[in-house]
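Notes to accompany the following structure.
What you see is a predicted model; the values in this text were computed from it and never measured. Start at 1 and go down the list; that is how both ligands and their atoms are numbered.
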Amino acid sequence: MYGFHGRLLQIDLSTGKRSWRELGEERLRAFLGGIGLGTSLLYDYAPPGVEPLSAANPLIFASAPLVGTGLTTTAKFAVVTKSPLTGFIADSLSSSHFALELKRLGLDALVITGQAASTVYIHINDQNVEIRNAEHLRGKSPGETESMIRSELNSQSVRVAAIGRAGENRVRFATISNEGRHAGRGGVGAVMGSKNLKAIALRGDQDTRAADPKGVEAIADSLRRRSLGSLTDKYRKIGTVANLAVFNRLGTLPTRNFQQSTFDHAEALSGETLTENNFSRRHGCASCTIQCERLFKALDGAEQRLEYESLFALGPLCGIEDPEVVLQAAQLCDLYGLDTISTGGTLSWAMECSEKGLLPEARDLRFGAPNALLAAIPLIAERQGLGALLAEGSRRAALELGNDSSYWAMHVKGLELPGYEPRSLKTMALGLAVSPRGACHNRSGAYEADFSGEVDRLRSDPGRGALVAASEDYAAVLDSLIVCKFLRKCFSNFYGEGAELLSKVTGWDCSSDELKRIGERIHNLKKLFNTREGWRAGDDWLPQRLLSEALPTGVAQGVGLSPDELQGMIQGYYRARGWDEKGLIPESKLRELGIFM
Ligand code: SF4
C-alpha cells in the first residue's frame, strides 16, 4: 500500500495484550488519516455510551497519508477519543517529530484501551512493544518526562508524548504534550491519565512509500516555494500573536469573560509589543518551512512559546494587561499540561463569580489580578481547594455552584470558547454553535467569511449555514490528509491540488469531487458519533450572555445576537447539510455518503 501501512496496533493496558490489525483500503480511502481515520476508529472502538474516563474509552493516535512524505507542514498526528469535558468527540491535532516517528512504526493508528494497574509508559521500538513502569515519572512535567525517558532508554532519537500533573489528576481539560506542542482541546490528557499512562515513547524505521515519488517531489517543491511568499507573511513575521491588535481594532477580542470585545490594554499585550520587548526566537514543527512559532523570554529568562489563543485566554479574557504575567501563566499551563483556552475560560468565569460574591473563599480572584491568576493554575492541576471545582471546566463548575452562574459560563457543549467574539463575527457564531467538538475554531474556519468581507460580519442570515458546512468539510480534509491550516492559502485550488497530491502519494485516481465528499463524510460521522452519545438539538447553541447582551465598546458597540437570529442560522445550516430540522442525519444522507457501506 502506498501512503499508508494498512494496519493499526491496539494495546490493552488492562491485560497488556497487543494486537496488530489490518486497516483495509476501503476505510482509508473513505476517511483518509488523521481526524478522519481517528473518527472512524472511535465510532467502532468506543462502546456506545462509554464513560470518557473509564478503561473502555479508546485513546486513538492516528497518522495520515501525507505524513512522512516531506511535504511542508505535514508532520502532524491526531488524537481522538470521547471527551471528558463535552461527552462528545474530542479530536485534537499535534505536530512535529512524534508524528514522523508514529508513521515510521509502520502503523496508521495506535489504539489504546484499558487501564494499567499502576503508572506506566509505552515504549514502541519498531515492532517491539514494552509497557514499562513509570511510577518514578509521576508529578513530572511533560518536558521533564520526555528528557527522563530519553536518558532511561539511552536514545536521543526516541520521540515522546506525555501528560503532566493535570492529566494524572484527570483535569477535564488536560493536554497531551510532545516537544512543547500540545494536543490541547477536549481533555485528551485526562483520558490518558485515566489509563494510568504517563507517556508514549516511539522509535521506528519504516519509510512511507509514495506511488509517484517524483510527482510528489514536484508538488512539494512548488508548495515549499509558495509557503515562503506573501500568503504566509503573517505567520512568518510575527506569528499568530499578531491577531490580538487586529481583533481589538475590529471589536472581536473577547475581554473579561466576554463582557467586552475590546481591551483597553491591547497595545501593551500586542504581538508587536511582545516582539519588540520579549522576542527570543522563531521556531516551528518538523518538516515546516513557515515556522510560525514564536518563543518569548519570560522574566525568569526562560523561553516560552506563545500563540494568539493562549495570549487572549490568559490576557484580555482574564483582564490581565502585563505580558510577563501572561508568559508566566502560559509557562504554568505547559508545565502542568493544561489547555490554555479552557484554563483562561474557566478562570475568567471564576473571576466573575468572585466579583459577584459567589466565591467567598477566593476573594482575590478578580479580573486583572495577576497573583491570583498565577496561584490558581497549580491548584487546578492539583485539584486542590478551589482548583477541584475549576478542574471540572466552566460548565460543570457552574452547575455545581448554581446561583445562575451558568449565564456567564462561556462554553459550547462544555468546551470553553476560543478568542473570537461571536456577536461581531456572525458566521463564526454559527460555526461555534454547531461544531461537534464544542466551541472550536479549528474544525472549521467560519471566521474567514467574516474577516474576508464576503459577508456582513455584524449581521446574520440563514445563508451562513452553507458557508459553515463548506468550511467544516474543508477543514476535515486538511485535518485528515494532514496539512497545516497555515498553508491553506498557498493552494490556488485546494480540492484539485489536494486530489492530485493524494493520487500521487497513494496511487489512487482521486478527483476533487471525491475529496470534497470525503470531507463531508468525515463531518457527518462526527455528528453521528455525537448523536449516538446523546446529542440533542439544544446542544447546538451559544452561551446565554451572547444572546442577551449587546457589545458595549469598540466598532461593534451596540451589536448583539438574538436567539431568533441564531436559530435561523442553525436551521439554514441543517438544511445546507441535508439534515432534518431537528439536526438529525436522515438515513438517505448516510447512504448517499457511503457511511456503513
Ligand atoms: S505553520 Fe506553524 S503550526 Fe503549521 S506546521 Fe508550521 S510551525 Fe507547525
Side-chain angles (χ1 to χ4, degrees), residues 33-35 62-79 91-103 159 161 175-185 219-244 271 274-275 279-296 303-312 330 334 339-341 418-419 440-445 447-448 474-491 494 498 501:
I35 298 291
S63 189
L66 300 189
V67 180
T69 57
L71 277 159
T72 185
T73 80
T74 58
K76 291 187 183 282
F77 64 99
V79 184
D91 49 339
S92 277
L93 286 175
S94 186
S95 346
S96 222
H97 294 98
F98 185 88
L100 299 176
E101 222 53 44
L102 178 66
K103 187 85 179 261
R159 300 295 175 178
T175 58
I176 298 174
S177 308
N178 63 290
E179 304 153 68
R181 303 202 60 89
H182 317 281
R185 305 233 67 199
I219 299 177
D221 260 355
S222 162
L223 276 173
R224 208 173 291 134
R225 270 197 305 278
R226 282 182 263 172
S227 75
L228 296 171
S230 59
L231 295 166
T232 60
D233 263 0
K234 173 176 124 183
Y235 306 117
R236 288 182 298 111
K237 289 193 174 145
I238 298 192
T240 58
V241 287
N243 288 349
L244 192 128
L274 268 163
T275 303
F279 179 76
S280 177
R281 67 192 160 99
R282 199 172 144 203
H283 193 52
C285 306
S287 308
C288 175
T289 43
I290 299 174
Q291 304 279 293
C292 74
E293 287 180 44
R294 289 298 174 282
L295 294 164
F296 297 97
E303 283 186 329
Q304 177 58 39
R305 181 173 159 265
L306 196 70
E307 37 83 27
Y308 168 69
E309 288 297 335
S310 304
L311 177 59
F312 122 83
D334 287 358
D339 172 23
T340 51
I341 303 177
C440 167
H441 64 294
N442 277 328
R443 301 290 163 262
S444 86
Y447 52 83
E448 282 198 315
Y474 173 60
V477 174
L478 282 167
D479 296 340
S480 304
L481 279 170
I482 304 172
V483 179
C484 180
K485 294 201 175 63
F486 296 163
L487 190 71
R488 68 191 184 281
K489 290 189 179 147
C490 300
F491 291 91
F494 171 71
L501 193 47

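Residues passing the salt bridge (Lys or Arg N to Asp or Glu O under 4.0 Å) test with E307: none are found, sequence neighbours excluded. Checked against side chain to side chain donor-acceptor pair (under 3.5 Å), E293 has the following partners two or more places apart in sequence or in another chain: R181, R305. Under the side chain to side chain contact (heavy atoms under 4.5 Å, CB included) criterion, S222 pairs with R225, R226, sequence neighbours left out.
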task: Evaluate the side-chain contact (heavy atoms from CB on, under 4.5 Å) criterion for residues F77 and N178: first the C-alpha distance (whole Å), next the side-chain angles of each, then the deciding distance (0.1 Å), finally the verdict.
output: CA-CA 11 Å; F77 64 99; N178 63 290; 3.7 Å; yes

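Between T275 and K237, every side-chain heavy-atom pair lies at or beyond the 4.5 Å cut-off.
Of all the heavy atoms in T232 and F486, the pair that sits closest is CG2-O, 3.7 Å.
Contact annotation for R181 and ligand 1: only side-chain heavy atoms (C-beta onward) come within less than 4.0 Å of the ligand.
Protein atoms that are N, O or S and lie under 2.8 Å from atom 6 (Fe) of ligand 1 are these: C288 SG.
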